[in-house]
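To find a chain, count down the sequence lines: A is the first, B the second, and so on, and within it residues start at 1.
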Amino acid sequence: GAVVSQHPSWVICKSGTSVKIECRSLDFQATTMFWYRQFPKQSLMLMATSNEGSKATYEQGVEKDKFLINHASLTLSTLTVTSAHPEDSSFYICSAPGNTYEQYFGPGTRLTVT
Amino acid sequence: AQRVTQPEKLLSVFKGAPVELKCNYSYSGSPELFWYVQYSRQRLQLLLRHISRESIKGFTADLNKGETSFHLKKPFAQEEDSAMYYCALRRAAGNKLTFGGGTRVLVKP
């Protein structure tokens, strides 16, 4: 089946710095990718839809200037957490839809802001 | 707006016992319903969807539009079924998924 990768798998950064997370579709093209945030022992919350060649669409309540999304190519979307704060510490997961109904999820990136 | 509710955060059953995970949804249109599973230290993966009406790993789920439910059932739970299970809804148009809060299943030997 299709595979989605994320890099890095775990990142620690200091408050005030920015960190970039990559999401790649390894063996298929994805014009759309989704970014989720998952708090410990909680569900996935959709943050934004990444669109290749156009601006991302953010869900209500998600700060677009803080969570910058760039869909650079048909296989790569990046999420940059700018001026990170400890409350941004979370598990970030991306997904990409396949040809039919299935969505393929990345393994997630754990962000810890100190 | 659509919403998915999984009332149980944790289900603990013994091996061989039946298990049922509840899922209720609210959506004004015709949704597609899915169950996703996340085993320990693994990524989220699709378990089954309502349209296919199939049984995967012994699990089945029936969409009940009258009760707006999509409960997941397995008659005889196995230890390898221990995982987090998420019910998800996709609107008729588009690929966005709305997830329920998740249910952790623990199958004891």
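- Under a hydrophobic-cluster definition in which Ile, Leu, Val, Met, Phe, Trp and Tyr are linked whenever side-chain heavy atoms come within less than 4.5 Å, directly or via other members, B:L33 and B:I56 are assigned to the same cluster.
- Here OG1 of B:T98 is found 7.5 Å from CG of A:L46. Values are rounded to the nearest 0.5 Å.
- Of the two parts of A:Q6, neither the backbone nor the side chain holds a non-hydrogen atom closer than 4.5 Å to a non-hydrogen atom of chain B.
- Heavy-atom distances place no part of A:Y104 under 4.5 Å from chain B, backbone and side chain included.
- For a residue to count as touching a neighbouring chain, one of its non-hydrogen atoms must lie under 4.5 Å from one of that chain's; by this rule A:P97 touches chain B with the side chain only.
- Within 6.0 Å of atom NZ in A:K20, 12 or fewer heavy atoms from other residues, nucleotides or ligands are found, so the atom counts as exposed in its surroundings.
- Between A:L44 and B:L44 the shortest side-chain heavy-atom distance falls below 4.5 Å.
- Proximity to chain B is absent for every atom of A:Q60, based on heavy atoms less than 4.5 angstrom apart.
- Other residues, nucleotides and ligands contribute only 12 or fewer heavy atoms inside 6.0 Å of the NZ atom of B:K15.
- Only the side chain of B:Q38 comes within contact range of chain A, judged by heavy atoms closer than 4.5 Å.
- A continuous path of Ile, Leu, Val, Met, Phe, Trp and Tyr side chains, each step under 4.5 Å between heavy atoms, connects B:Y25 with B:F59, placing both in one hydrophobic cluster.
- Residues B:M84 and B:L97 share a hydrophobic cluster, clusters being chains of Ile/Leu/Val/Met/Phe/Trp/Tyr side chains in contact below 4.5 Å.
- There is no contact between A:T32 and chain B, counting heavy-atom distances below 4.5 Å.
- With contacts defined as side-chain heavy-atom distances shorter than 4.5 Å, the pair A:Q103/B:Y36 qualifies.
- For the pair A:V3 and B:R43, the minimum side-chain heavy-atom distance is below 4.5 Å.
- Hydrophobic clustering (side-chain heavy atoms under 4.5 Å, transitive across Ile, Leu, Val, Met, Phe, Trp, Tyr) groups A:M45 together with A:V81.
- Neither the backbone nor the side chain of B:R104 comes within less than 4.5 Å of any heavy atom in chain A.
- Residues B:G101 and A:S43 come closest through the heavy atom pair CA-CB, 3.5 Å.
- The hydrophobic cluster containing A:V4 does not contain A:Y36, counting ILVMFWY residues as joined when their side-chain heavy atoms lie under 4.5 angstrom apart, directly or transitively.
- B:E80 CD: more than 12 foreign heavy atoms inside a 6.0 Å radius.
- Residue with the most contacts toward chain B among A:S95, A:G108, A:G106: A:G106 (heavy-atom pairs, distance under 4.5 Å).
- Sparse packing is recorded around CZ of B:F76, with 12 or fewer heavy atoms of other residues, nucleotides or ligands lying under 6.0 Å away.
- Taking both residues in full, the closest heavy atoms of B:Y86 and A:Q42 are given as OH-O, 3.6 Å, listed atom of the first, atom of the second, then distance.
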